[in-house]
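Note sheet for the following structure.
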Amino acid sequence: MTRKREVILVNVRVRFAPSPTGEIHIGNIRTAIFNWLYARKEEGTFILRIEDTDRERSTEEFKEIIFRELKWLGLDVDEGVGAGGGYGPYQQMERLEIYREYARILEQKGLAYPCFCSPEELETEREKAMQEGRGSRYSGKCRNLSPEKRARAREQKTPEALRFLNRFEGPVSFPDIIRGEISFEAETLDDFVLMKSDGSPTYNFACVIDDYTMEISHVIRGEDHISNTPKQILLYKGLGWELPEFAHLPLILDKDRRRMKKRSGEAEVFISRYRDMGYLPDAMLNYLALLGWSDQSGEEVLTREELIAGFSLERIKHSGAIFDREKLDWMNGVYIRKLNLEGLREKAVPFFRKKGIELFGEKMDYLLLALQEKVSTLEEMGAMAADFTGDLEYENREKAKEIFSQDRVDEVLKALQVKLKGKKEVPPEEGKGFLKEIGKELGVKGKLVFQPVRWALTGKGSGPDLNFIMAFLGPEEAVSRLGKALELRED
RNA sequence: GCCCCCAUCGUCUAGUGGACUAGGACACCGCCCUUUCACGGCGGCGGCAGGGGUUCAAAUCCCCUUGGGGGUGCCA
């Protein structure tokens with residue numbers, strides 16, 4: 001039950017070890033974030049290892065995506081695939097020699113044996129065991145094959161896998177930095193496969209060999225790996241190796257409270273989608289860091305530096321966290337509002353382009369500034385911008401008519417027309433003045449000025465500051481739109 | 001089925017036996033500000049899963065129940 005471990009000075013080396021078998025999703029990347037934060041906090045090394053031993057599904061494309069997403073979030077890799085380092089190679093399929101070497105050692109130690117069972121055979125065995133209410137452990141059929149039988153199987157070129165010979169008994173336990181002592185009974189672990197018949201290592205095997213040979217100090221990974229850990233510990237024991245520290249992270253859950261996966265209901269799970277939808281990497285990093293961890297200060301909007309400074313594995317929660325899009329939206333909005341004009345331009349322009357909006361100079365800036373206060377994503381910004389750059393369209397014609405038909409609204413709209421007519425441009429300050437003057441001169445309430453003008457100019461009941469909109473539209477277009485409103489009133 | 005992990009507002013969380021009348025954030029609702037909407041400010045709604053212990057004292061420690069999740073692959 002000792003949660004506190006001895007404090008020893010260790011050179012912190014952590015790894016993010018994704019498999020390139022699909023797009024990186026929220027869960028994956030949060031693991032990367034925690035590893036990275038820990039490395040930075042402890043001034044350690046953040047290593048990228050690629051676990052491409054699933055020959056069926058691993059692709060070069062997915063590998064590239066891993067680089068892309070890490071880069072986007074600003075998780076710089078110190079060592080590993082694409083970064084080099086003294087413990088390579090860092091891609092598992094390039095380490096086959098190493099695994100074979102340790103497989104030989106295990107076999108020599110009598111801790112591994114060849115297995116000639118076919119996948120089909122194992123499958124039916126498993127089903128039968130399940131039906132009979134037994135566990136789905138491997139039967140151990142090939143455990144004690146006579147040398148003759150082995151020779152025969154090899155002669156017949158029967159595909160051959162290598163299994164771990166589990167002769168351990170009693171508790172297999174390990175201290176988890178986040179959860180404390182976790183214990184399993186060795187008897188519940190079966191003779192798991194080490195090397196597949198295609199010559200590649202399994203996850204549990206490769207992981208142990210790599211973590212050890214790469215001198216990983218802390219294995220920080222998802223909670224879904226807790227049940228793999230005792231198997232891995234058996235390997236460490238068999239090889240006579242010292243254990244790394246383990247920290248199993250709580251899972252990120254989807255709306256159905258299930259582990260975030262590729263198919264998680266309607267939820268958007270791929271990190272790339274969030275980039276496309278106009279979320280800022282800093283906001284994403286900040287939000288994801290808060291899923292399962294919190295800063296001691298209680299602050300939630302934290303810079304990269306603050307995140308690093310406050311990070312600790314001990315403050316990580318034990319229970320899963322549901323990914324909440326609404327809070328992310330709020331946080332992204334906060335980050336958008338923190339951007340200065342230059343930053344805003346850089347981030348938003350691609351989203352304007354996507355909407356076919358090409359603007360430059362002051363005009364663009366007016367729009368940017370107006371929208372900045374209103375949106376929670378850049379995509380939304382593009383969509384809103386499109387409302388102004390396109391032709392006027394009433395969101396609700398009846399409602400618009402109602403607004404325009406109010407008493408004295410015609411005077412308001414006409415008064416603004418008069419003020420705008422003949423002008424070449426309306427800077428925001430001046431436009432704001434016009435609106436105030438009209439209210440004063442006609443003696444009408446603000447609501448009768450701003451609402452009708454807003455509907456007239458934008459076709460909607462809410463949106464950016466009107467002075468920016470006028471500046472953006474320009475006097476000529478504004479006058480024309482006011483005219484349309486007056487026509488509708490007459491209708 | 002078996003193994004393992006987890007359990008504070010709807011959601012993210014603070015809380016490590018007394019400072020808890022359980023604090024903050026998102027969302028929601030009101031009010032204020034800006035002669036509009038939003039932004040911002042103020043306030044409200046809302047929670048320790050249940051039951052037993054231990055203790056002078058329990059959200060905090062122990063046990064059971066319940067609930068949720070993960071694993072049970074020649075996937076990782």
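On a predicted model such as this, the values are computed, not experimentally measured, just so you know. Convention: sequence-line order gives letters A, B, ...; per-chain numbering from 1.
The distance from atom CG of A:Leu288 to atom P of B:rA25 is 22 Å, rounded to the nearest whole Å. Atom CD of A:Gln372 is separated from atom C1' of B:rC39 by 11 Å (rounded to the nearest Å). Atom CG in A:Leu290 sits roughly 12 Å away from atom P in B:rC12 (whole-Å rounding). Computed from coordinates, the A:Asn166 CG to B:rU72 P distance equals 16 Å when rounded to whole Å. Here the P atom of nucleotide B:rA76 and the CD1 atom of A:Ile220 are 22 Å apart, to the nearest Å. Taking atom CH2 of residue A:Trp293 and atom P of nucleotide B:rA14, one finds them 10 Å apart after rounding to whole Å.
Judged by a 6.0 Å distance limit and a 45° cone about the ring axis, A:Arg163 is not positioned over the six-membered ring of A:Phe192. The cationic group of A:Lys338 lies under 6.0 Å from the six-membered ring centre of A:Tyr335 and within 45° of the ring axis, placing it in a cation-pi geometry.
Environment of CZ in A:Arg397: sparse, with no more than 12 heavy atoms of neighbouring residues, nucleotides or ligands closer than 6.0 Å. Environment of CZ in A:Arg167: sparse, with no more than 12 heavy atoms of neighbouring residues, nucleotides or ligands closer than 6.0 Å.
On a pure distance criterion of 3.5 Å, no polar donor-acceptor pair joins the side chain of A:Asp329 and the base of B:rC26. One can find a donor-acceptor pair under 3.5 Å joining the base of B:rA76 and the side-chain atoms of A:Asn228. Evaluation of atom-type donor-acceptor distances gives a pair under 3.5 Å for the side chain of A:Lys374 against the base of B:rC37.
Annotation: side chain of A:Val77 is not in contact with side chain of A:Tyr90 (no heavy-atom distance under 4.5 Å). Side-chain atoms of A:Leu249 and A:Arg30, non-hydrogen and from C-beta on, do get closer than 4.5 Å to each other. A heavy-atom distance below 4.5 Å is not found between the side chains of A:Ile438 and A:Glu411. Side-chain contact between A:Phe323 and A:Leu288 is present, with heavy atoms from C-beta onward closer than 4.5 Å.
When each of A:Lys436 and A:Asp198 is assigned the nucleotide of RNA chain B with its nearest heavy atom, A:Lys436 is the one assigned upstream, toward the 5' end. Each of A:Glu300 and A:Lys445 was assigned the nucleotide of RNA chain B with the nearest heavy atom; the assignment lying further toward the 5' end belongs to A:Glu300.
Here A:Leu122 lies in heavy-atom contact (under 4.0 Å) with a base. Residue-level contact check: A:Arg454 touches the bases, meaning some heavy atom is under 4.0 Å from a base atom. Within the nucleic acid shown, A:Ala321 comes within 4.0 Å of sugar-phosphate atoms alone, with no base atom in reach, counting heavy atoms only. Contact annotation for A:His225: base contact, defined as any heavy-atom pair under 4.0 Å involving a base atom. Looking at heavy-atom distances under 4.0 Å, A:Cys207 makes no contact with the nucleic acid at all. Residue contacts for A:Glu373: at a heavy-atom cut-off of 4.0 Å it reaches the sugar-phosphate backbone alone, with no base atom in range. At a threshold of 4.0 angstrom between heavy atoms, the contacts of A:Thr53 are confined to the sugar-phosphate backbone, with no base atom among them. Residue A:Gly463 is in base contact, counting any heavy-atom pair closer than 4.0 Å across all strands shown. Within the nucleic acid shown, A:Gly292 comes within 4.0 Å of sugar-phosphate atoms alone, with no base atom in reach, counting heavy atoms only. Residue contacts shown for A:Ser294 are limited to sugar-phosphate atoms, with no base heavy atom under 4.0 Å away.
With sequence neighbours excluded, the residues that form a side-chain contact (heavy atoms from CB on, under 4.5 Å) with A:Thr229 are A:Phe174, A:Arg221, A:Ile233, A:Phe246, A:His248.
Of all nucleotides present, only B:rG30 satisfies the Watson-Crick or G-U wobble test against B:rC42, with each distance under 3.5 Å. Pairing for B:rA22 is absent, with no Watson-Crick or G-U wobble pair whose two atom distances lie under 3.5 Å. The partner of B:rU72, taking Watson-Crick or G-U wobble pairs whose two distances both stay under 3.5 Å, is B:rG1.
Rounded to the nearest Å, the gap between the C1' atom of B:rC56 and that of B:rC42 is 41 Å. When the C1' atom is compared between B:rU8 and B:rG46, the two are found 12 Å apart, to the nearest whole Å. If you take atom C1' in B:rU11 and the same atom in B:rC2, they sit 33 Å apart, rounded to whole Å. Spacing of P atoms, B:rC48 relative to B:rG23, comes out at 13 Å, to the nearest Å. Nucleotides B:rG47 and B:rU55, compared at atom P, are 32 Å apart to the nearest Å. Here the separation of B:rG50 from B:rG68, taken at their C1' atoms, is 15 Å to the nearest Å. Spacing between B:rC62 and B:rG18 at atom P, rounded to whole Å, works out to 16 Å. For the C1' atoms, the distance from B:rA57 to B:rC20 is 13 Å, rounded to whole Å.
A:Tyr366 and A:Asn467 form no side-chain donor-acceptor contact under 3.5 Å, judged by distance and modelled atom types alone. Inspection of the A:Glu380 and A:Ser376 side chains reveals an N or O donor paired with an N or O acceptor under 3.5 Å.
Phosphate contact (OP1/OP2 of B:rC75, side-chain N/O of A:Arg55, threshold under 4.0 Å): absent. Put simply, A:Arg259 has no side-chain N or O that comes within less than 4.0 Å of OP1 or OP2 on B:rG70. Listed pair A:Lys460 / B:rA38 fails the phosphate criterion, with no side-chain N or O lying under 4.0 Å from OP1 or OP2. Contact between the side-chain N/O atoms of A:Lys255 and the OP1/OP2 oxygens of B:rU11 is not found at any separation under 4.0 Å.
Comparing B:rA76, B:rU35, B:rC74 against the side chain of A:Lys440 picks out B:rU35 as the nearest. Candidate nucleotides B:rU36, B:rG70, B:rC26 were compared by shortest atom distance to the side chain of A:Gln451, and B:rU36 ranks first. Of the candidates B:rC39, B:rA76, B:rC26, B:rC26 carries the atom nearest the A:Glu326 side chain, counting heavy atoms from C-beta on. Distances were taken from every side-chain heavy atom of A:Ile322 (C-beta onward) to each of B:rU11, B:rA14, B:rG69; the shortest belongs to B:rU11. The side chain of A:Arg57 lies closest to B:rC75 when the candidates are B:rC75, B:rC26, B:rU34. Among the nucleotides B:rA76, B:rC74, B:rU34, the one closest to the side chain of A:Tyr203 is B:rA76. For A:Asp465, the side-chain atoms get nearest to B:rU36 when compared with the rest of B:rU36, B:rG70, B:rU8.
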Polar atoms only, N or O, under 3.5 Å: list the protein pairs with nucleotides 3-6 of chain B and their distances.
residue: B:rC5; atom: O2'; partner: A:Arg179; partner atom: NH1; Å: 2.7
residue: B:rC5; atom: O2'; partner: A:Glu223; partner atom: OE2; Å: 2.8

Got a list of protein N/O to nucleotides 42-48 of chain B N/O distances below 3.5 Å?
none

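Ring geometry for A:Phe205 versus A:Tyr99: interplanar angle of 30 to 60°, hence tilted.
Note on A:Arg150 versus A:Glu160: no salt bridge recorded, every NZ/NE/NH1/NH2 to OD/OE distance being 4.0 Å or above.
Residue ring and base: A:Phe450 counts as stacked with B:rU36 (centre distance below 5.5 Å, interplanar angle below 30°).
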Could you give me the CA-CA distance, side-chain angles and deciding distance for A:Arg49 and A:Glu51, then say whether salt bridge (charged side-chain N to carboxylate O under 4.0 Å, His left out) is met? CA-CA 6 Å; A:Arg49 180 168 81 217; A:Glu51 309 209 331; 2.9 Å; yes

